[in-house]
Amino acid sequence: MTTLNNEQRFNIITRNLEEIIGEDDLRYMLDSGAPINHYIGFEISGKPHIGQALIVMQKVKDLMDAGVNVNFLLADLHTYLNGKLNGDMKLIAEVRDGYFTEIIKASIMMLGGEPEKLNFIKGGEYYAAHPDYWTTFLEISKNTTLARIERSISIMGRTDGESQDFGTLCYPPMQAADIFAMKINIVQGGIDQRKIHVVMRDVAKYIKTNAPEFNGKFLKPVAIHTPLLPALDAPAVWPLPEGCDMKQMQIDMKMSKSKPGGAIYIDDEPEKIKKTIMKGFCAEKEIEYNPILEWVKMIVFDRDGKEITIVRPEQYGGNISFKDYEDLKKKFADGLVHPIDVKNFLADYLINLFAPAREHFAKSPYREMKARTEEILESVKKKR
RNA sequence: GGAAAGGUGGCCGAGUGGUUAAUGGCAGCAGACUGUAAAUCUGCCCUCUCUGAGUUCGUAGGUUCGAAUCCUGCCCUUUCCA
């Protein structure tokens, strides 16, 4: 159904990635005509923030464009294990089936995709219907070490050194088992998921039940990792000290929902979006550590690949255009564009981009769904 | 199973019978200053029908005129031993 050739499909699948593990395997899949089943798992943590709704979903849209079957694992049991929503299965199920699913659909719609083509899998239901999932889980557990599992625990947004219960340790092997059991050959995640995906690829050859293969040939699932959208906060120290590790800095910038003011959601009111962007750290002429510019790169240039024009009053120099991100960066460094110019542009761009989602959630019954979820999140917060 | 230490407001962390709604720091909010943010300064920062009242220091009781501070049970966390 796709009219693209394999090279084009490869390019669109791999564009704007932070990393791909198993590039050759992906080429083989495309060339051999193997059915390409994708999956991405979402914990039912509450509201998916802009990083998920935009960066992650844009990649999903790319995959759909490339003719890949996309699957969403609504990871309810993983959510339970990670203690989100108080580990209350009833609440998790309610949010899973309502608001959460709806947000994902709205995201893909907003990006120009077709929500009807998304396939949702409820974790708990799937496991109940596929008992051999647990055999695969055991095979994975048998073929990896406790130390590796402990290291991959950071996928759960935790840092090392925290005490773990055994259930928490079951999370990573379950995640790997999801992939094999569901016959997935492209797994998508943020770059923070790389450790468990590496474990998954390493143990792949030991899996007997649900062994990954095509036409009798062993085929390792490919992992594709999208970059993380940085938080808009100021760095811990500013100006940055000489020779600090920018790579580490970027990882630390990962958007955190624990910062109430820092997160943007696609169903936010325009005023909130504007306010949040305006509060973002953005030093004049600074191009090394500049989350606002980073957002423009990832959200605007990487997605659209088009020239942009920033509209501004004559007194500040009038309208100005940029043919690509490098152009913007250069002119920003030269002081030809002011932070406010960029912020205004970004805020307007997001407000406009999110309009379909915002309008969707302004209508009944979605409005009530959203309100109910916010109520749940509020009550969960209080209990903790 | 045994021993020790400890649980204080979103987080960190003082406070060990009485001007303690509870020092301080961080985060957050508002304002000043900058064409944004950051930095700096100022105010707010448990709740309310708010120049007063109510409820707080894991939890349930107790002692006392009066406790976050003393005693007892329970819950939980951490560390050491087994």
Side-chain angles (χ1 to χ4, degrees), chain A residues 45-47 49-50 82-88 150 153 157-169 229-242 244 246 249-250 252-265 268-300 308-320 322 328-329 331-351 374-384:
Chain A
S45 56
K47 308 186 75 163
H49 57 70
I50 183 173
N82 206 7
K84 299 281 177 62
L85 297 184
N86 282 344
D88 183 330
E150 281 178 328
I153 286 292
R158 292 165 184 239
T159 44
D160 296 340
E162 281 181 69
S163 72
Q164 310 294 351
D165 52 58
F166 182 65
T168 300
L169 293 169
L229 196 59
L232 296 176
D233 302 318
V237 282
W238 182 259
L240 295 175
E242 286 294 312
C244 74
M246 282 307 292
M249 217 69 191
Q250 296 281 334
D252 294 345
M253 281 203 289
K254 180 183 177 181
M255 193 160 202
S256 164
K257 272 172 287 182
S258 61
K259 294 169 189 165
I264 289 181
Y265 305 101
D268 277 342
E269 290 306 311
E271 303 78 62
K272 198 203 148 195
I273 295 171
K274 179 94 182 174
K275 198 175 158 187
T276 307
I277 296 296
M278 288 312 280
K279 288 190 58 164
F281 176 83
C282 187
E284 217 169 327
K285 299 180 184 175
E286 167 63 38
I287 54 171
E288 281 301 311
Y289 187 100
N290 195 320
I292 294 286
L293 285 189
E294 201 70 19
W295 277 41
V296 174
K297 175 186 184 294
M298 291 171 67
I299 295 169
V300 183
I308 66 164
T309 298
I310 291 180
V311 178
R312 61 181 179 185
E314 282 305 322
Q315 72 175 117
Y316 296 125
N319 297 358
I320 182 166
F322 311 92
L328 169 64
K329 218 163 123 176
K331 286 172 178 160
F332 189 85
D334 291 342
L336 296 173
V337 217
H338 187 91
I340 290 185
D341 301 332
V342 182
K343 285 186 176 182
N344 281 333
F345 170 82
L346 179 61
D348 290 345
Y349 184 94
L350 290 177
I351 289 166
E374 280 163 357
E375 198 179 292
I376 289 172
L377 291 175
E378 198 56 38
S379 74
V380 164
K381 211 159 101 189
K382 272 183 193 149
K383 274 188 203 161
R384 289 187 69 196

(message) OP1 or OP2 of B:C29 versus the side-chain N and O atoms of A:K279: is any pair under 4.0 Å?
(response)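 Yes, because at least one side-chain N or O of A:K279 sits under 4.0 Å from OP1 or OP2 of B:C29.
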If you measure from the [atom1] atom in [N] to the same atom in [M], how many Å do you get, rounded?
| N | M | atom1 | value |
| --- | --- | --- | --- |
| B:U47 | B:U55 | C1' | 8 Å |
| B:G35 | B:G25 | C1' | 33 Å |
| B:G10 | B:C29 | C1' | 13 Å |
| B:G66 | B:G18 | C1' | 6 Å |
| B:C74 | B:A38 | C1' | 50 Å |
| B:U16 | B:A67 | C1' | 10 Å |
| B:U49 | B:C71 | C1' | 40 Å |
| B:A14 | B:C65 | P | 33 Å |

Length of the [atom1]-[atom2] vector between [X] and [N], whole Å:
| X | N | atom1 | atom2 | value |
| --- | --- | --- | --- | --- |
| A:I340 | B:U36 | CD1 | P | 5 Å |
| A:M278 | B:C29 | CE | P | 15 Å |
| A:L232 | B:G28 | CG | C1' | 16 Å |
| A:K285 | B:U36 | NZ | P | 15 Å |
| A:D233 | B:A38 | CG | P | 10 Å |
| A:I277 | B:G35 | CD1 | P | 22 Å |
| A:F281 | B:A39 | CZ | P | 9 Å |

(request) For RNA chain B, just give me the dot-bracket, please: Watson-Crick or G-U, both distances below 3.5 Å, ( ) intra-strand, [ ] crossing earlier pairs, | paired with another strand, . unpaired. (result) ((((((((.[[[..)..(.....]]].(((((.......))))).(((...)))...[[[[[..)....]]]]]))))))).
With sequence neighbours left out, write down each residue that passes salt bridge (charged side-chain N to carboxylate O under 4.0 Å, His left out) with [X], or none if nothing qualifies.
| X | answer |
| --- | --- |
| A:E284 | none |
| A:K275 | none |
| A:K297 | A:D302 |
| A:E271 | none |

(message) With a 4.5 Å cut-off on side-chain heavy atoms, are A:L350 and A:D268 touching?
(response)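 No, their side chains stay 4.5 Å or more apart.
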(request) Decide side-chain contact (heavy atoms from CB on, under 4.5 Å) for A:E286 and A:E288; before the verdict, give the C-alpha distance in whole Å, the side-chain angles of both, and the deciding distance to 0.1 Å. (result) CA-CA 6 Å; A:E286 167 63 38; A:E288 281 301 311; 3.0 Å; yes
(request) Please work out if A:N344 contacts a base, only the sugar-phosphate, or nothing of the nucleic acid, heavy-atom cut-off 4.0 Å. (result)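 Contact class for A:N344: none.
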(request) Tell me which nucleotide among B:U36, B:A30, B:G35 gets nearest to the side chain of A:E284. (result)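 Closest of the options to the side chain of A:E284: B:U36.
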(message) Of the options B:A38, B:A30, B:G35, whose atoms approach the side-chain atoms of A:K275 most closely?
(response)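 Minimum distance to the A:K275 side chain belongs to B:A30.
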(message) Going by the rule side-chain hydrogen bond (donor to acceptor under 3.5 Å, both in side chains), which residues pair with A:K274 if we only count those two or more places apart in sequence or in a different chain?
(response)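 Residues passing side-chain hydrogen bond (donor to acceptor under 3.5 Å, both in side chains) with A:K274: A:N344.
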Which donor-acceptor pairs under 3.5 Å do the side chains of residues 310-318 of chain A make with protein atoms, sequence neighbours left out?
{"residue": "A:R312", "atom": "NE", "partner": "A:Y316", "partner atom": "O", "Å": "3.3"}
{"residue": "A:R312", "atom": "NE", "partner": "A:G318", "partner atom": "O", "Å": "2.6"}
{"residue": "A:R312", "atom": "NH1", "partner": "A:L336", "partner atom": "O", "Å": "3.2"}
{"residue": "A:R312", "atom": "NH1", "partner": "A:D341", "partner atom": "OD2", "Å": "2.6"}
{"residue": "A:R312", "atom": "NH2", "partner": "A:L336", "partner atom": "O", "Å": "3.2"}

(request) Let me know which of A:L328, A:T309, A:I308 forms a side-chain contact (heavy atoms from CB on, under 4.5 Å) with A:F345. (result)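 Only one of A:L328, A:T309, A:I308 forms a side-chain contact (heavy atoms from CB on, under 4.5 Å) with A:F345, namely A:I308.
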(message) What residues from residues 310-318 of chain A pass a heavy-atom cutoff of under 4.0 Å to RNA chain B?
(response)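 The answer is A:Y316.
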(message) So, using side chain to side chain contact (heavy atoms under 4.5 Å, CB included) as the criterion, who are the partners of A:I287 when residues are at least two apart?
(response)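 Scan of A:I287 (side chain to side chain contact (heavy atoms under 4.5 Å, CB included), adjacent residues dropped) gives A:L293, A:K329, A:F332, A:A333.
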